[in-house]
**Q** 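Sending over a structure as structure tokens; questions will come in a sec.
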Amino acid sequence: GAVVSQHPSRVICKSGTSVKIECRSLDFQATTMFWYRQFPKQSLMLMATSNEGSKATYEQGVEKDKFLINHASLTLSTLTVTSAHPEDSSFYICSAGQRQGAYEQYFGPGTRLTVT
Amino acid sequence: DQQVKQNSPSLSVQEGRISILNCDYTNSMFDYFLWYKKYPAEGPTFLISISSIKDKNEDGRFTVFLNKSAKHLSLHIVPSQPGDSAVYFCAATNYGGSQGNLIFGKGTKLSVKP
């Protein structure tokens, strides 16, 4: 149990376009989902916390107008990178907890974004 | 300021021996600690966790030790297997804090040689 999927797994887009990444909890309901970004040889950096039915909470330094997060249902959260630039190229990973405030988070497989 | 530190970027161990991965933290408000294993281009996989009320938690080949006074935890893998080769992330959280978001260390790459 506790499977989280992400789509797409890999995407290449041109500078200036927008890209949407989906995160789904397949066999449980996730009231809270998290979006992380990982730079090469770096830690996973939390970008935002997404709660179903409410606005996402963004970490300091993360542009909310650039990284749009929508948590439309208990099993789906989306991250849209708007007007992508090459510096947005990264590995984006979502995670979900099985209950609010859950310690253990289950991670999706990640999405590799390359902006040319 | 890094709140969770994994000072060894890599570790190499012979198959069958013990692997010890270390993690230090600075925030005394952290009350729950987790270890994740990650393969390249994949999301992290939860391994084992420990609450601050305990000093040891064991699950099969994996044991996590917590020393609160030293703000230090370690993951022991015995015996190590080649399939254990991956990057291991230490993470911490404060239940009374925000919403359960994890603070990660930079990871330690473990290589287990046959």
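Just so we're on the same page: letters track the sequence lines, and every chain starts at 1. Nothing here was measured: the structure is a model prediction, and the numbers come from that model.
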**Q** Over 60° means perpendicular and under 30° means parallel, so classify the ring planes of B/Tyr36 and B/Phe104, tilted if in between.
**A** tilted
**Q** Given that the side chain runs from C-beta out, which part of A/Leu44 has a heavy atom under 4.5 Å from chain B: side chain, backbone, both or neither?
**A** both
**Q** By number, which residues in residues 61-80 of chain A have some heavy atom less than 4.5 Å away from chain B?
**A** none
**Q** Go through the side-chain N and O atoms of B/Ser69 and B/Asn67 and say whether any donor and acceptor fall under 3.5 Å apart.
**A** yes
**Q** Give a yes or no on whether the backbone of B/Gly105 and the side-chain of A/Ser43 come within a donor-acceptor separation of less than 3.5 Å.
**A** yes
**Q** If I measure from the heavy atoms of chain B, does A/Gln38 come under 4.5 Å with its side chain, its backbone, both, or neither?
**A** side chain
**Q** Pick out which of B/Asn27, B/Val4, B/Leu102 makes a side-chain contact (heavy atoms from CB on, under 4.5 Å) with B/Thr93.
**A** B/Leu102
**Q** Would B/Leu21 and B/Ile77 count as a side chain to side chain contact (heavy atoms under 4.5 Å, CB included) if you check the C-alpha gap in whole Å, the side-chain angles of each, and the deciding distance to 0.1 Å?
**A** CA-CA 9 Å; B/Leu21 299 108; B/Ile77 306 174; 4.0 Å; yes
**Q** Look at the rings of B/Phe33 and B/Tyr25 and say which category their plane angle falls in: under 30° parallel, 30 to 60° tilted, over 60° perpendicular.
**A** tilted
**Q** Between OG of A/Ser54 and CD of A/Glu52, what distance do you get to the nearest 0.5 Å?
**A** 8.0 Å
**Q** With a 4.5 angstrom heavy-atom cut-off, could you sort out which part of B/Lys38 is near chain A: side chain, backbone, both or neither?
**A** side chain
